[in-house]
**Student:** 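I have a structure here, written as structure tokens, and I will follow up with some questions on it.
Computed from a predicted model, the values in this text were never measured in an experiment. Residue numbers begin at 1 in each chain, while the letters A, B, ... track the order of the sequences.
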Number of protein chains: 2
Amino acid sequence: MPVSIADVARHAGVSPSTVSYVLSGKRSISEDTRRRVRESIQVLGYRPHAGARALASSRSNTLALVVPLRSDVHVPVAMRFAVSVVTRARDLDHDVLLLTQAEGADGLRRVAGSSMVDAIIVMDVEIDDARIPVLRELALPAVLIGVPADTDGLACVDLDFTEAGRICVRHLAALGHRRLAFVGEPPAVYERRTGFAERTLAGFREAARELGGPAPAVLPCEQTRAAAERAAADLLRDHPETTGLVVQNEAAAEPLVAALRAAGRSVPGDLSVVAIGADDVAAAVTPALSSVGLPAEELAERAVDLAVRGLDGGTPTGVTLLPPTLVDRSSTAAPPRRA
Amino acid sequence: MPVSIADVARHAGVSPSTVSYVLSGKRSISEDTRRRVRESIQVLGYRPHAGARALASSRSNTLALVVPLRSDVHVPVAMRFAVSVVTRARDLDHDVLLLTQAEGADGLRRVAGSSMVDAIIVMDVEIDDARIPVLRELALPAVLIGVPADTDGLACVDLDFTEAGRICVRHLAALGHRRLAFVGEPPAVYERRTGFAERTLAGFREAARELGGPAPAVLPCEQTRAAAERAAADLLRDHPETTGLVVQNEAAAEPLVAALRAAGRSVPGDLSVVAIGADDVAAAVTPALSSVGLPAEELAERAVDLAVRGLDGGTPTGVTLLPPTLVDRSSTAAPPRRA
DNA sequence: CGACGCTGTCGAAGCGCTTCGATTGCGGTG
DNA sequence: CACCGCAATCGAAGCGCTTCGACAGCGTCG
């Protein structure tokens, strides 16, 4: 039942090495031979043995993907990344080994040490991530989706969240808003210093500062309906002057807006809202939220490309920040005129 | 940098085969030798080469996991399965290769044919799933999470959804409810005949029939807030006599109940609601919903166990149905007395 | 027209591991 | 005391593939 390269070679009347070269294209093979070999492969249903191949070529054609399993990351977004990574990897003839956060640094050492994978892609990176030093010592290409403090010797891909924060402020400012507020991720996300959250806030604050006026309110928020409702109440009570709101929290966006409207605030009549995150969730809110989308598919593709490309020509390095774009929907308008 | 078994053998003053036997435990080795070998492994930082091992032993110690990426499966639930599968696999010293639905039957053939994996676990199985025949011909252990029509030669693990449907009815009936309704998964889920949805409905209908009276209303429902609100409105308009409601749709449960309450119906005062699905989402609704939980972790564990155990002692076969349990929360009570 | 450089192919040497005899000392048995 | 069986170990033969060096044939150039 197991067809080997030798079987194919015999069937095609060539040597095993020729079959190998047909498959890899690393040496020129006559048109005729190539055809015969391909036919034999077809007829016999030959599939190269992945282990043997990895052994002989020291290439497994497999990528490791570390997915987060924290309760405070938005699962559908993480899943979009994961699926996009797999899809892109397959396009480049690679497979994906799934690791959980829980495996930690040891897991990385294990899969790298046993040559199971050619490169590692890590999601949900913290500013001072414990896995960074390990990744660096591993001598495998590593690509982070997210940007840590020290990016030396690593490849990082992310949305330019700092700019995303700024863009939201500028968009609101251009409409005339001066009193802004920010509803963000759960406190734990900031506490462990997750790159994207921290950077967004930095960009938001920086742009808000340039606007002048008092520092805007910033409210972290758990990913639950109840927390979002609480945030809405807090906002209306403690910062009633707010006319422009930026929300970075996929789970809270809808209930937050719903709560604001339930409290009698019109969006965007009284309060303009801009979201940062998955575009589909922003678009699904009533009213559809203007938003800076998270291009998960593109980020994932870039990450895979870097990982696979990195396999030849040295470990890839450097930070790739995708430019954010704000899609204008029906949740932003000029602020109400002062009474 | 790459330490091989020969290096370890030299360092420990034994032959490579002895090192191998220390690692595998397949032959008795003296306490003393074992210790020396272990030390050398430690000191040199040896990791067996996965490919070489797979080649020599025809065992990859890797499982393939096929995850669904349909828009109509609840992503967090799928993720819980996936993470649980990986976790359990690691406990049994296996890794997990991630395949997407999109890879389809060819993907299965590929990973099986190239000996990348020792077994395959498939989620989101349909009653007449196109992958079933492929799985059967593959001669690798295959474990399905879900139950197709023909389970010959396959191992299947699932919650007993038929019984889950019945239990909900019985629970409501015991409280005195006679007029029931069912809000289910998106229409597409039924159209492609996904096992769990179809079985739940069958159990529900069967138990409802035994209650006597007219056939209960069944409303499929997309996984959006708007759809859930529509379902609530439809229910109140077309089936106002309903006092007991069963919901199998993680995304719709909360908005559905919210809409019913917004329409002036008290839960459980006017309407009792039982959910089927992830326990955490049911518990998070206001009021917390009585529910039949989906034991994703346990199902995943069983699936992995079957897959790995199946590796020795022939392909595992047979259907394992976990008994459902209803957790009583605050969403069910006696129906209102007739006016 | 001999040397040269291609192109297309082959053979053989590994890659690092497992596993199947075979071998060597033992203590114990009859 | 010759013999047996068992525990502990070794050596060698692969597993299926890639890749390097050789080499045969052939058109070309000086």
**Student:** Got a second to check how far B:Asp150's CG is from B:Asp129's CG, nearest 0.5 Å?
**Tutor:**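 Between atom CG of B:Asp150 and atom CG of B:Asp129 there are 12.0 Å.
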**Student:** So which heavy atom on B:Ser15 is nearest to which on B:Ala9, and how close?
**Tutor:**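 Of all heavy-atom pairs spanning B:Ser15 and B:Ala9, the closest is C-CB, 3.6 Å.
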**Student:** Using a heavy-atom cut-off of 4.0 Å across all strands, would you classify B:Ser17 as base, sugar-phosphate, or nothing?
**Tutor:**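 Base: the residue B:Ser17, judged by heavy atoms under 4.0 Å, touches a nucleobase.
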**Student:** If I take atom CZ from residue A:Arg34 and atom OG from residue A:Ser28, how far apart are they, to the nearest 0.5 angstrom?
**Tutor:**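 That separation rounds to 8.5 Å.
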**Student:** Tell me, please, the opening and closing nucleotides of DNA chain D, 5' to 3', among those with an atom under 4.0 angstrom from a non-hydrogen atom of chain B.
**Tutor:**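 Going 5' to 3' along DNA chain D, contacts run D:dA7 to D:dG16.
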**Student:** Using whole Å, what does the distance between atom P of nucleotide C:dT7 and atom CD of A:Glu31 come to?
**Tutor:**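 To the nearest whole Å, that distance equals 16 Å.
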**Student:** Whether A:Asp305 and A:Arg302 form a salt bridge (side-chain N of Lys/Arg under 4.0 Å from carboxylate O of Asp/Glu) is what I want to check.
**Tutor:**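 Salt bridge: no.
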**Student:** Compare every heavy atom of A:Leu322 with every heavy atom of A:Pro295, then report the nearest pair and how far apart it is.
**Tutor:**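 Answer, listing the atom of A:Pro295 first, then A:Leu322: CG-CD2, 4.1 Å.
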**Student:** Just to be sure I understand the geometry, which residues of residues 32-57 of chain B put a non-hydrogen atom under 4.0 Å away from DNA chain D?
**Tutor:**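 DNA chain D contact set from residues 32-57 of chain B: B:Thr33, B:Leu55, B:Ala56.
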**Student:** Would you call B:Arg131 and B:Asp124 a salt bridge, using N to O less than 4.0 angstrom?
**Tutor:**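 Not counted as a salt bridge, because no side-chain N and carboxylate O are separated by less than 4.0 Å.
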**Student:** Have a look at the helix from C:dC1-D:dG30 to C:dG30-D:dC1 and give the angle its two end axes make, five pairs each, rounded to 10 degrees.
**Tutor:**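 Rounded value for the end-axis angle: 60°.
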**Student:** Does a side-chain heavy-atom distance below 4.5 Å link A:His94 with A:Asp118?
**Tutor:**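 Sidechains of A:Asp118 and A:His94: in contact.
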**Student:** Do B:Arg136 and B:Asp152 sit within salt-bridge range, that is, some charged N less than 4.0 Å from a carboxylate O?
**Tutor:**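 Salt bridge between B:Arg136 and B:Asp152, a charged N being under 4.0 Å from a carboxylate O: no.
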**Student:** Quick one: pull up CZ in A:Arg36 and OG1 in A:Thr18 and give me the separation to the nearest 0.5 Å.
**Tutor:**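 Taking CZ in A:Arg36 and OG1 in A:Thr18, the distance rounds to 9.5 Å.
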**Student:** Kindly write out the residues that satisfy ring pair (Phe, Tyr, Trp, His ring centres under 6.0 Å) with B:Phe81, not counting sequence neighbours, or none if the list is empty.
**Tutor:**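 Residues passing ring pair (Phe, Tyr, Trp, His ring centres under 6.0 Å) with B:Phe81: none at all.
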**Student:** Charged N to carboxylate O below 4.0 Å: is that the case for A:Arg35 and A:Glu31?
**Tutor:**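 Salt bridge: no.
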**Student:** For DNA chain C, find the residues of residues 18-27 of chain A with a heavy-atom distance under 4.0 Å and give them by number; none if there aren't any.
**Tutor:**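 Those residues are A:Thr18, A:Tyr21, A:Arg27.
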**Student:** Measure the CZ-CE distance between A:Arg47 and B:Met116 for me, rounded to the nearest 0.5 Å.
**Tutor:**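 Here the interatomic distance stands at 12.0 Å.
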**Student:** What pairs with A:Arg110 under side-chain hydrogen bond (donor to acceptor under 3.5 Å, both in side chains), at least two apart in sequence or on another chain?
**Tutor:**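 Testing A:Arg110 for side-chain hydrogen bond (donor to acceptor under 3.5 Å, both in side chains), a comparison that skips the adjacent residues, returns A:Glu103, B:Asp95.
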**Student:** Would you indicate what A:Ser4 reaches in the nucleic acid, counting non-hydrogen atoms under 4.0 angstrom: base, sugar-phosphate, or nothing?
**Tutor:**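 Sugar-phosphate, no base atom in range.
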